[in-house]
Structure formats: C-alpha cells, structure tokens
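Some notes on the structure that comes next.
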Amino acid sequence: MALSHPNPPEQALREAILNAGASPDGRLPPERILAAQLSISRTQLRGILDAMARDGLIFRRHGQGTFLQPPPVQAAERLSTLARRVTPRDLMEVRLDLEPALAAHAARRGSAKDKARLLQLMEHSLAADDIERYEHADDLFHYKIAEMAGNPLFLSLFEEIRTLRRAGDWQRTRRAALTGDDIARLSALHRDIAQSICAGSAEDARAAMRQHLQQVSGALRRGDAASGES
C-alpha cells in the first residue's frame, strides 16, 4: 500500500487508510504495520488518525484498536448468549422506544460538523445498491445519531442493541426480508431523519425515526409471513 509520491498529501493518506485491509470486524492493522505500509512515521500516522477520528471517519477503542466501523462492544460474549433468546420483534420493540429519542437529542445537541457528517452518511445509504452496502451505510448512519445524542449511557445501550443486530440469525433474517424496494424506501427515510436533525427539529426527527423503524419492522413481519408459507 506504499504511496508512490514521496510526500503524499494528507487526503491521499486518509484514502489509503480507508482502503487498508481491515479484518472482518473492521479493525485496521496495528499502527506499526500501517505506518510501514504507508511509508510514513508512526508520529505522522497518529496525527492523521487523530484527525480522522475527530471527523468520524474511524473509530478507536482503548485496548481493542482502530476500526473503520464502530467496534464491537466488550461484552460481546455475554450478548451472544442473549442473542439466542431475543427475537427480531423483541429487538424492534426496544429500538422503537430508544432510537426516536436519540434522534430528538441529536437534533438538539449535534454540532455543525456532526450534522455535515450525518448528511454524508445519509448519501451513502441512498447510493447503496445491494443489501450488504445498505447494511453498512445503515449501521454507520444510526451509530452517528446515537453519538450525536451526547449521552454516554444512551450510546452504551445503543451499542448493545447494535451488537445484537449483528448476530448471525438476526442478519440472515433481515437480509432475507428486505427487498430492493424496501431498501429504497428505508434510505429515503434516512433523508427525512437527517434533514430533521440538521434543521434542529427534535420532534420531526423523532417522528421520522419512528416511521423508519416501523417500516423496518413491517418488512421483517412480511418476511416472517412469507417464510412461514414456504
């Protein structure tokens, strides 16, 4: 991954980091290896990673490393046991209680930089042309809103729900249920959520998030009904 230019601009280095070979959970190589791959010093690399973390492009977790996507919660083993008992209906019930409130808080508390990043993530979901790309964009979009809510306890609860969502059975259920039309509708609702948050309209953001999650829940119910008939 070494860059041909002897002193590549920071943007080129950022793009190289985002395209670095990450592990399945999004973890980047250790700094020593990544600096060698980019042919830069570890000091320079740390400065770039610090800036990328501030911009919401990467995620750092003490003791775990640097990630291209939000890292798994440290209680993942405990949650794997819970995941075997939780149904999609259970999960959606909790999401419908929690995430509209997160959207409302994000509208009140999000910074201008946060809102600019949220609009970028919304555009990524609109551009997603298959379920894998949509799920990645959807994951980052909802995580950003949870961060913008500005409450570490809310974020911790959201991270546990996110870990359950990423469990194998849940992912298979969602991928089987969501059609191309569903993805288009859900992405369009991301636009409504993002625009309400960026306008600072807490109640509109709350309502848009609830509508989005109700659409997800409806798609899952239709998927369950179809699988029961087959």
Side-chain angles (χ1 to χ4, degrees), residues 55-57 59 68-70 88-151 153-166 170-171 173-225:
D55 290 345
L57 298 173
F59 303 86
L68 295 178
Q69 61 193 39
R89 180 177 179 177
D90 294 331
L91 198 55
M92 290 309 304
E93 183 176 30
V94 175
R95 291 189 71 192
L96 277 161
D97 277 348
L98 177 65
E99 293 190 51
L102 295 180
H105 287 311
R108 297 186 187 102
R109 300 171 180 169
S111 68
K113 180 179 283 190
D114 284 333
K115 291 176 179 179
R117 177 60 178 157
L118 185 66
L119 289 174
Q120 290 179 336
L121 295 173
M122 177 268 291
E123 293 291 348
H124 292 169
S125 73
L126 288 171
D129 55 4
D130 59 40
I131 184 63
E132 289 81 9
R133 289 185 178 86
Y134 171 76
E135 283 195 329
H136 180 68
D138 179 72
D139 184 33
L140 294 179
F141 180 81
H142 285 270
Y143 193 92
K144 185 61 182 175
I145 291 171
E147 283 188 322
M148 290 172 67
N151 183 317
L153 183 55
F154 270 147
L155 182 59
S156 178
L157 291 170
F158 177 85
E159 286 179 333
E160 295 207 1
I161 293 169
R162 176 178 175 270
T163 298
L164 293 172
R165 287 180 66 209
R166 295 173 66 82
W170 167 253
Q171 282 195 319
T173 298
R174 190 168 62 250
R175 289 184 177 189
L178 294 182
T179 66
D181 287 343
D182 288 326
I183 290 171
R185 282 193 294 271
L186 295 174
S187 295
L189 288 169
H190 279 176
R191 181 193 291 115
D192 294 342
I193 295 166
Q195 288 178 344
S196 296
I197 289 174
C198 291
S201 178
E203 293 312 310
D204 286 347
R206 187 193 303 272
M209 179 64 81
R210 176 166 290 279
Q211 183 182 5
H212 172 68
L213 294 174
Q214 287 171 337
Q215 290 279 339
V216 174
S217 184
L220 293 174
R221 287 196 301 271
R222 290 194 300 273
D224 282 345

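Here, residue 1 is the first one in the sequence, and each next residue gets the next number. Remember, predicted model here, so these are calculated numbers, not experimental data.
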**Complete:** The complete set of salt bridge (Lys or Arg N to Asp or Glu O under 4.0 Å) pairs with one or both residues in residues 114-127, sequence neighbours excluded, reads D114-K144
**Item:** Between CG on residue L121 and CG on residue D138, distance to nearest 0.5 Å
**Value:** 10.5 Å
**Message:** Working to the nearest 0.5 angstrom, can you tell me the gap between L119 CG and F141 CZ?
**Reply:** 8.5 Å
**Asked** More than 12 non-hydrogen atoms from neighbouring residues, nucleotides or ligands closer than 6.0 Å to CD on Q214, yes or no?
**Response** yes
**Request:** Identify the two heavy atoms, one from A146 and one from L155, that lie closest to each other, and give their separation to 0.1 Å.
**Result:** CB-CD1, 3.8 Å
**Item:** Residues in salt bridge (charged side-chain N to carboxylate O under 4.0 Å, His left out) contact with D139, at least two apart in sequence or another chain
**Value:** R162, R166
**Asked** If only atom types and distance count, is the side chain of D130 paired as donor or acceptor with the main-chain N or O of E132 below 3.5 Å?
**Response** yes
**Request:** Check the pair S187 / R191 against side-chain hydrogen bond (donor to acceptor under 3.5 Å, both in side chains), numbers first and verdict last.
**Result:** CA-CA 7 Å; S187 295; R191 181 193 291 115; over 6 Å; no
**Request:** Heavy atoms only: give me the nearest A177-D182 pair and the separation to one decimal.
**Result:** O-OD2, 3.5 Å
**Asked** Do you know the tightest heavy-atom contact between F59 and Q69?
**Response** CD1-C, 3.3 Å
**Complete:** Between A188 and L126 the two heavy atoms that sit nearest each other are N-CD2, 4.0 Å
**Item:** Set of ring pair (Phe, Tyr, Trp, His ring centres under 6.0 Å) partners for H124, sequence neighbours left out
**Value:** none
**Request:** Please confirm whether the backbone N or O of L96 pairs with a side-chain atom of R210, one donor and one acceptor, at under 3.5 Å?
**Result:** yes
**Fill in**
Between L213 and M92 the two heavy atoms that sit nearest each other are O-CE, 3.4 Å
**Prompt:** Between E203 and R108, is there a salt bridge with N-O shorter than 4.0 Å?
**Reply:** yes
**Item:** I197 side, atom CD1; M209 side, atom CE - distance, nearest 0.5 Å
**Value:** 6.0 Å
**Approximate separation, where rounding is to 0.5 Å, of L118 CG and E147 CD** = 11.0 Å
**Prompt:** Atom CG of L98 and atom CG of L157: how far apart are they, to the nearest 0.5 Å?
**Reply:** 6.5 Å
**Item:** Any side-chain heavy-atom pair of E135 and L178 under 4.5 Å
**Value:** no
**Item:** The single option from H142, H136, R133, H190 passing side chain to side chain donor-acceptor pair (under 3.5 Å) against S125
**Value:** H190
**Item:** Heavy-atom side-chain proximity of E99 to L102 below 4.5 angstrom
**Value:** yes
**Asked** In Å and rounded to the nearest 0.5 Å, what is the OG to CD distance from S201 to Q195?
**Response** 11.5 Å
**Prompt:** Which pair of non-hydrogen atoms, one from P88 and one from L220, has the smallest distance, and what is that distance?
**Reply:** CB-CD1, 4.4 Å
